[in-house]
S.K.: 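Okay, handing you the structure first.
Source: prediction; values computed, not measured. Quick note: numbers below take in every heavy atom, side chains included, and nothing from hydrogens, waters or symmetry partners.
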Amino acid sequence: MKLFEIVETEIDPETYRKAVLHASAGAVTVFTGHVREWTKGVRTIYLAYEAYIPMAEKKLTQIGKEIEEQWPNTKVAIAHRIGKLEISDIAVVIAVSSPHRKVAYEANEYAIERIKEIVPIWKKEIWENGQEWIGDQKQKPVVEGELK
């Protein structure tokens, strides 16, 4: 297991929690992002993620370095899954340890926002009535009849 990786199999959050745990860690936050069924009234059937793995892992590593520079004494592990994911599957896990909980929470939130901003992962949302590739993970599905 690498601390920053793209995987094609189910994610076990405990693996990443254990990877960041160390003697001076007083807190570990573990965020898991899951495939949800409903978004703005649109029912998702499943998601398909693709990535350029070498670049995606490089960007995940960059995020880890940014966190460790901004919040000293933290340790970070991030994994993002690609392939077909069903409802409730874990798409991403972020584990951050630090001496204190506030930093662990802040750094963890920073990580997910940076993933959405800079990591080349593409998501295809498959709905009951259509599908769409989402390049920018901050983008939300458009309900039929809404303007883009």
Side-chain angles (χ1 to χ4, degrees), residues 1-22 24-25 27-40 42 44-127 130-143 146-148:
M1 175 219 141
K2 296 184 280 188
L3 289 179
F4 305 98
E5 63 183 352
I6 300 295
V7 299
E8 297 182 44
T9 57
E10 286 187 29
I11 294 174
D12 174 17
E14 183 65 6
T15 301
Y16 299 92
R17 186 193 67 79
K18 287 179 180 176
V20 299
L21 192 57
H22 55 90
S24 62
V28 177
T29 58
V30 178
F31 168 82
T32 55
H34 297 255
V35 177
R36 70 173 166 256
E37 184 175 14
W38 292 93
T39 302
K40 296 177 78 174
V42 177
T44 299
I45 305 301
Y46 67 92
L47 298 180
Y49 286 97
E50 290 187 10
Y52 176 57
I53 294 172
M55 180 59 74
E57 289 183 339
K58 183 177 177 181
K59 291 296 185 181
L60 293 176
T61 302
Q62 176 187 326
I63 293 167
K65 288 179 181 173
E66 290 173 5
I67 289 171
E68 290 170 7
E69 288 172 10
Q70 189 168 342
W71 293 281
N73 302 316
T74 56
K75 187 172 180 183
V76 183
I78 303 171
H80 200 296
R81 184 174 169 191
I82 59 173
K84 181 180 178 182
L85 280 72
E86 304 291 340
I87 303 302
S88 300
D89 281 353
I90 296 173
V92 62
V93 62
I94 303 165
V96 178
S97 66
S98 74
H100 303 286
R101 71 177 177 272
K102 184 175 181 181
V103 166
Y105 280 120
E106 290 173 352
N108 203 308
E109 183 176 16
Y110 176 86
I112 190 64
E113 296 304 324
R114 289 293 283 158
I115 289 169
K116 291 178 178 182
E117 288 174 0
I118 68 168
V119 180
I121 296 172
W122 299 274
K123 177 173 67 174
K124 186 175 189 178
E125 295 188 355
I126 295 83
W127 310 305
Q131 56 188 12
E132 183 176 354
W133 280 103
I134 309 293
D136 174 355
Q137 291 196 42
K138 289 187 168 183
Q139 190 175 359
K140 303 294 181 216
V142 176
V143 176
E146 284 187 359
L147 296 176
K148 286 188 174 186

S.K.: Locate the shortest heavy-atom distance separating T44 from L47; write the atom from each residue and the value.
M.R.: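 Looks like CG2-CD2, 3.8 Å.
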S.K.: If you compare all heavy atoms of L85 against all heavy atoms of Y49, which two are closest, and at what distance to 0.1 Å?
M.R.: CD1-CD1, 3.9 Å
S.K.: Check the pair Y46, E86 against side-chain contact (heavy atoms from CB on, under 4.5 Å), reporting the backbone distance first and the verdict last.
M.R.: CA-CA 5 Å; Y46 67 92; E86 304 291 340; 4.1 Å; yes
S.K.: Taking everything shown except Q62 itself, do over 12 heavy atoms lie less than 6.0 Å from its CD?
M.R.: yes
S.K.: Write down the atom of S97, the atom of A25, and the distance for their closest heavy-atom approach.
M.R.: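 Heavy-atom minimum between the residues: CB-CB, 3.8 Å.
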S.K.: Tell me whether the count of non-hydrogen atoms from other residues, nucleotides or ligands lying under 6.0 Å of OH in Y105 goes above 12.
M.R.: no
S.K.: Which distance, rounded to the nearest 0.5 Å, do you find between the CD1 of I87 and the CH2 of W38?
M.R.: 10.0 Å
S.K.: Given side-chain contact (heavy atoms from CB on, under 4.5 Å), test E109 with F31 step by step and report yes or no.
M.R.: CA-CA 8 Å; E109 183 176 16; F31 168 82; over 6 Å; no
S.K.: Identify which one of I115, V93, I6, N108 satisfies the side-chain contact (heavy atoms from CB on, under 4.5 Å) criterion when paired with I78.
M.R.: I115
S.K.: Going from NE2 on H34 to CG on D89, what distance comes out if it is rounded to the nearest 0.5 angstrom?
M.R.: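 Interatomic distance, H34 NE2 to D89 CG, rounded to 0.5 Å: 9.5 Å.
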S.K.: What's the spacing between M1 CE and D12 CG if we round to 0.5 Å?
M.R.: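 Going from CE on M1 over to CG on D12, the span is 10.0 Å.
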S.K.: Does the pair K65/E68 count as a salt bridge with the N-to-O cut at 4.0 Å?
M.R.: no
S.K.: Does T32 use its side chain to pair, donor to acceptor, with the backbone of I90 at less than 3.5 Å?
M.R.: no
S.K.: Please check if the number of heavy atoms outside H22 that lie under 6.0 Å from its NE2 is greater than 12.
M.R.: yes
S.K.: Provide the closest heavy-atom pair for I126 versus A48 in the form atom of the first, atom of the second, distance.
M.R.: CD1-N, 4.3 Å
S.K.: Determine, step by step, whether H80 and V119 satisfy the side-chain contact (heavy atoms from CB on, under 4.5 Å) criterion, reporting the C-alpha distance in whole Å, the side-chain angles of both residues, the deciding distance to 0.1 Å, and the verdict.
M.R.: CA-CA 10 Å; H80 200 296; V119 180; over 6 Å; no
S.K.: Nearest 0.5 Å, what's the CD1-CE distance between I121 and M55?
M.R.: 12.5 Å
S.K.: Give the intermediate values and the outcome of side-chain contact (heavy atoms from CB on, under 4.5 Å) for residues I63 and V76.
M.R.: CA-CA 9 Å; I63 293 167; V76 183; 5.9 Å; no
S.K.: State, with a plain yes or no, whether a side-chain heavy atom of E132 is found less than 4.5 Å away from one of W127.
M.R.: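 Touching, per the 4.5 Å side-chain cut-off.
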S.K.: Please examine the side chains of N73 and V103, heavy atoms only from C-beta on, and report whether any two atoms are closer than 4.5 Å.
M.R.: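 No. Closest side-chain heavy atoms not under 4.5 Å.
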S.K.: Answer yes or no: does atom CD of E50 have more than 12 heavy-atom neighbours from other residues, nucleotides or ligands under 6.0 Å?
M.R.: no
S.K.: Testing the basics here: between I11 and A91, what is the closest heavy-atom pair and its distance to 0.1 Å?
M.R.: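 Smallest interatomic distance, heavy atoms only, reads CD1-O, 3.8 Å.
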S.K.: Is any side-chain heavy atom of V30 closer than 4.5 Å to one of Y16?
M.R.: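 They are not in side-chain contact.
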S.K.: If you look at every heavy atom in V20 and A95, which pair is closest and at what distance?
M.R.: CG1-O, 3.6 Å
S.K.: With rounding to the nearest 0.5 angstrom, report the CD to CD distance, E8 to E5.
M.R.: 11.0 Å
S.K.: Rounded to the nearest 0.5 Å, what's the gap from NZ on K58 to OG1 on T61? Could you check?
M.R.: 10.0 Å
S.K.: Is there a salt bridge (charged side-chain N to carboxylate O under 4.0 Å, His left out) between E117 and R114 once you walk through the steps?
M.R.: CA-CA 5 Å; E117 288 174 0; R114 289 293 283 158; 2.9 Å; yes
